Every structure is written in structure tokens, then in C-alpha cells.
Amino acid sequence: MVCLDPFNPNSKEVRVRIGPSPTGVPHVGTGYVSLFNYAFCRQFGGKFILRIEDTDQKRSTIESEQAILNSIKWLGLKWDEGPDIGGPYGPYRQSERLDIYQKHVDKLLQTGNAYFCTCSTERLTEIRQRQIALKQPTSYDGTCREYKRNSGVVRLKVPKYEKIEFFDLLRGNINIESSEIDDQVLLKSDGFPTYHLANVVDDYLMRITHVIRGEEWISSTPKHILLYRFFGWDIPVFVHLPLLRNFDKSKVSKRKNPVSLEYFKEAGFLPEVMLNFLGLMAFSFEDGREIFSLDDFISNFKIERISLGGPVFDLRKLLWLNGKYLREKYSNSDMLNYIQKQVFSTEYLTRIIPLIKDRIEKSEDFFEYADFFFKNSISFNLSGCHLINFNDKDKLIKTCEFLIDELDSLKSFEGSSIENLIRLFCDKHKIEKRELFMFIRLAVTGKRATPPLFETLSVLGRNRCVMRLRAFLGEIKNDTKNFFNH
RNA sequence: GUCCCCGUCGUUCAGAGGCCUAGGACACUGCCCUUUCACGGCAGUAACACGGGUUCGAAUCCCGUCGGGGACACCA
């Protein structure tokens, strides 16, 4: 089995890819991995491929795909091949390549490197629970290996007791014992492939030379190695990037950090700042420069200089950097433009006007009614607010957390659907409507009198609403204002 | 629990055996500038996880311990 010379990418056209899964918001982690892939391939005049990994039918949405494409475009990273522009190795959406995966699965079945499995979900969870109870590692027990089934899901037949070794450009050789590896499902019962199969097949067919992805994939790389071997294919060079972290060092997550690129865009972070900042994560220029453009980054990027400790995504430094760009690179007229576009955009104003039109008598009054649409921190005062009868703090916190989750996962953020959700929420949690409505109003707008709540929330948008509720949560958790002693 | 990855100031990154009494940036503190705030300037606090080796010499190499993280799905 031949490996590309990892230190000599010139030996062949460099082709890298990112494979976002369209199951949620565009994630900063995707931006980070994209940047490194992009810089690496541009250095060698290679190609950057965008492939949509929508093999999870239940969770994938076209809206999410569109949002991800837009966000990466917003960052200023241009892909050479992708679902929207096509390319020589398309289609670039995995849901459109089902026949390809089927063919490859058939091949594995024929060569005896995969087998059908008819075990029920119930049985599998039972096995798993028993293993957890016995403190054993959880894995499929291999029942269907013995029987020759001819339908069901298809599993990878992992050889017993073999050391599987692969090379990671940053970490050297990594060994994992095959007994640690599960007989991974390759083809699901809906006929869709799992990540592992689709990923390997596509990387091969799309001539990917370097797989630059998050560290979370290290432990499943042996499965991929096995697939390459069973198909008789060359193995690409693996580069596992350290994961972005929350302040507590856990993998960066929306519970603890803003992670949506859309949020950063809306909040007024500049795309070139995002790129600059992401380039500071796990990497440094030899000359120590910290302010750089994408072109600078490309020409100074050295993949082997990536450091391995998981970098904390530090919002404070990001904030400083954004301010620095604004101060030093923006003229007054740039700033005017920026503020008009970001803060007083016609789109936003168009939605606000109907809400305050009947309430103001002259333009000066505008901010009396609409200030909270433009502020990013809301001061509120709950003390003496008798409408909030949540007399116990824990309940209020729990309620607020549930509410955040629901708002966060609400499909459409229209007034009517928000109203629906919140009314249902009241019933479900047995809360007086007026109590919850006023609570939300105060936490999100800081005012007791506002335009109709649900429309207001809709115009503010999901991100602002959720951010403000989180900020509120933070404050009551610390109880800095002694809300409960009044 | 099992396997894998990682371990330098609070955060980020520098350091690839002597140049390290460990450097830059963010944050923090003080001073200066300033009617105020911000910006800017100057100064300061602050780290090689621990224990063993190897070596004349270790933040840098090796081993162990501890700590953190990730993975263990018909999710990616």
C-alpha cells in the first residue's frame, strides 16, 4: 500500500475537502477546519472541495446546507468543486451518490469483508446496556457474522486481533488494536451509507490527497483504514486538528459559547477578523505576527507548525481583534457603511417599523420604543415584579433553560410559530401565561411595555433572543442583583 | 469503564538539549495622555503538572504518575 509522501505534497495535485453535515447552524469549527484546508491546498496550487455529507436523512435540511454554504462564502473561502458549482467528480452531495455506495458495499459483501446484520435496535441497546453495566467496552457482539443473512444493514467485518496502524502528519504513527473496533454499520436500513463508508468512498473517488479534519475522528480512522485496504486503495495523508474548546476546555459547544457563524456575522464581526482569529487557533507565524490577511496566512502557513493542545475559543481576544481592525483599517466612511449595513439595515428597519408605527408621535420617540432592537445587552429589573411568581430560583433557571433549548431548535422563527411554542410551553410546564410572557418580555427587551411579544421576538431573531435569555440565566445564577431577596 | 490524543503565564501562541534569570499577544493591575469614556503609550503580576531517568547540561529526549480532552450509534 503506497502512501503519498506527506512532506512532499508537490508529488501530486493536492486535493483537500471539507464535509459539513447540514444538520444545524454553520459552525465556527467548520470555519476553522475550512481555513486550514484552504490554506494548505492553496499553498500547493491544489483544489479545495466542498462536499455535503447529508447521509443522516432525519436531521439534514436544505436550509442548513444553504446556510453553511453562505457562511463559508461569507468568510471568503472559495471552493473549487461543490454541490452548487459542480466539478469533475460530482455529485458533491452524498444523498445523490447512493448508487455509488451501494456498488461499493456489494463489492465488500462479495469479498467477504462485510456482512448483513438483522439485529434489532432493541437487541443492540440491550447488549450495550449490559456491557455498560459490566463496565465493559461497548461494541456489537458479532452475532450476525456467524449467520449468512441476505438482507438488513451491512456491517464492516473487522479482523480479530490485529494492530491497525496509520500515520498522522502531526502525531506520527498511531496504533489501535482491532479488537477495540466495532463492526461498524456501513449501510443503514434506509439504504443510506454511514459517514465512514461514504467518506472513504468519496475521498477516494474525488482524489482527495490530504484529509484534514478534527481530532474527534482519530478513533474511527482505523475503520477507514480497513476500508481503504479492503478496496485496495491508497491511503491519503491524515491531519487531525486539535478541537476548538470552551473556556472549561470541553469541545466548543453552543451551550457555552456562540458557535454559529451566522451569529458572528449578525453581531458585526468582520469575516476577515474571523479568519484571522481562527488562524490564531493552534497556529502561529514564525515571525510571531498576529494580524494577517488570508493571503498572508496562506503564504506563511506551515502545516507542521500546528500545535496540538486544544485551543480555547477566547471571545475576548476576538473582540479585541475586531475592534483593532475597525480602528486601524476602517475609515470614517467605511464605518458609516458598516453601521448602516449591520445596525440600521433597511431589512431590519422594515420589520421594526410596523411594530412601533402606531406607538410614536415623532421621530424622536423612536428609541423610546425601539432601543432594545439595537442594544446588545439588556438591563432588566425583576425585583418588585409581582408578575414573576417563580418563587424558587431553581425552577426559574430550569424553566429558562428549557425555553432556550426549545427556541433554539424551533424550526421557523416566525411570530406564529413562536407563539405556538410558548403557549404550549406554558401548558406543558404548568405556568401562568401572563407570568411567562412578562418574564420573557423583561429578559429579552428589558421593558414591561413593548410591541406584541411574539412579533418582537421574531424580528429580534433567534440569536438575539437566545443570547439575551442566556445572559439573564448567567445573572440569576450569580444572583448579582439579589433578585430573590426583594 | 475501555481505547486514543494532548499537557509552557487565567487564555493563546513562541520555544524543537546550552541563546531561557522562559518571549509576544489577549485579559488583569498601576502610571501617563485626556473634561469623561474609549483609543494610544509605558510599567507590572503571572507558566515549563509531578516524579524518575538519559546527558557535562532538559521546558525541550525516554519512562511512570496525575490532569484535561476525544471516541466508543442504523449522528456526523
Side-chain angles (χ1 to χ4, degrees), chain A residues 18-24 27 29-30 51-60 94 117-121 124-125 127-128 131-140 152-155 164 166 168 170-199 213-223 240-252 277-291 304-324 326-328:
Chain A
I18 53 162
S21 149
T23 52
H27 201 277
T30 307
R51 181 172 72 218
I52 292 294
E53 311 214 328
D54 55 349
T55 53
D56 184 341
Q57 278 196 90
K58 287 168 228 103
R59 295 194 306 144
S60 296
Q94 291 184 327
C117 169
T118 53
C119 293
S120 64
T121 321
L124 294 175
T125 47
I127 295 172
R128 197 168 309 125
Q131 287 166 333
I132 291 168
L134 291 168
K135 302 209 165 187
Q136 288 172 345
T138 56
S139 73
Y140 177 58
V153 302
V154 177
R155 285 182 184 274
I164 299 177
F166 62 95
D168 178 288
L170 301 175
R171 298 157 217 266
N173 288 328
I174 296 174
N175 294 293
I176 295 175
E177 185 60 42
S178 71
S179 55
E180 299 294 334
I181 307 162
D182 213 356
D183 278 1
Q184 179 65 47
V185 169
L186 300 175
L187 199 66
K188 301 184 266 190
S189 53
D190 62 0
F192 274 57
T194 54
Y195 168 84
H196 307 282
L197 202 234
N199 185 262
R213 59 176 12 164
E215 194 179 11
E216 55 201 336
W217 294 109
I218 291 180
S219 47
S220 45
T221 303
K223 294 170 186 171
H240 289 99
L241 265 20
L243 262 23
L244 257 28
R245 310 294 184 90
N246 296 313
F247 233 92
D248 63 6
K249 292 279 188 182
S250 57
K251 177 162 101 165
V252 75
F277 183 68
L278 258 10
L280 250 19
M281 300 280 89
F283 185 75
S284 61
F285 280 43
E286 251 156 328
D287 62 11
R289 214 177 336 158
E290 288 197 299
I291 311 285
E304 66 275 16
R305 272 183 71 83
I306 290 173
S307 61
L308 263 16
V312 171
F313 189 85
D314 185 359
L315 271 173
R316 294 173 156 289
K317 184 145 184 179
L318 175 61
L319 244 15
W320 167 80
L321 194 63
N322 207 62
K324 181 127 176 130
L326 255 16
R327 257 174 267 131
E328 295 180 0

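A, B, ... follow the sequence lines: proteins, then strands. Residue 1 opens every chain. It should be emphasised that the depicted structure is a prediction, and the values quoted were computed from it without experimental measurement. Keep in mind that the numbers below use all heavy atoms, side chains included, and drop hydrogens, waters and symmetry copies.
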Item to check | A:Arg305 side chain, from C-beta outward: closest of B:G15, B:C3, B:A27 | outcome: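 Selected nucleotide: B:G15.
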
Next on the checklist: What is the distance, to the nearest angstrom, from the CZ atom on A:Phe166 to the C1' atom on B:C4?
Outcome noted: 8 Å

Item to check | Integer-rounded Å distance: B:U2 P and A:Ile181 CD1 | outcome: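 Computing the A:Ile181:CD1 to B:U2:P distance gives 18 Å.
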
Checklist entry - Which residues satisfy the side chain to side chain contact (heavy atoms under 4.5 Å, CB included) test with A:Asp168, sequence neighbours excluded? => result A:Leu170, A:Arg171, A:Ile174, A:His240

Checklist entry - Listed by chain and number, what are the side chain to side chain contact (heavy atoms under 4.5 Å, CB included) partners of A:Glu177, not counting sequence neighbours? => result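 Here the qualifying residues are A:Tyr161, A:Lys163, A:Ser179, A:Glu180.
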
Checklist entry - When you compare B:U60 with B:C19, how far apart are their P atoms, in angstrom units rounded to a whole number? => result 13 Å

Checklist entry - What interatomic distance, in whole Å, is found between C1' of B:A59 and the corresponding atom of B:G18? => result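 It works out to 13 Å between them.
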
Checklist entry - What does A:Asn199 touch in the nucleic acid at a heavy-atom separation under 4.0 angstrom: a base, only the sugar-phosphate, or nothing? => result nothing

For nucleotides 22-24 of chain B, print each protein N/O atom paired with a nucleotide N/O atom at under 3.5 Å, atom names and distance only.
{"residue": "B:G24", "atom": "N2", "partner": "A:Glu290", "partner atom": "OE2", "Å": "3.1"}

Only pairs with both distances under 3.5 Å count, Watson-Crick or wobble alike; so what is the partner of [N] in this structure?
N: B:U11; value: B:A25
N: B:A71; value: B:U2
N: B:C20; value: none

Enumerate the protein-to-nucleotides 8-10 of chain B contacts in which both atoms are nitrogen or oxygen and the separation is below 3.5 Å.
none

Checklist entry - Are the side chain of A:Thr118 and the backbone N or O of A:Gly152 linked by a donor-acceptor pair below 3.5 Å? => result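 Side chain of A:Thr118 to backbone of A:Gly152: no pair is present.
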
Could you list all N or O pairs between the protein and nucleotides 44-50 of chain B that sit under 3.5 Å apart?
none

Item to check | Per-nucleotide protein contact string for nucleotides 66-76 of chain B, where B marks a base within reach and S marks sugar-phosphate only (heavy atoms under 4.0 Å, - for neither) | outcome: --SSSSSSBBB

Next on the checklist: Within this structure, what is the CE-CG distance for the pair A:Met281 and A:Leu318, rounded to the nearest 0.5 Å?
Outcome noted: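 Here the interatomic distance stands at 9.0 Å.
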
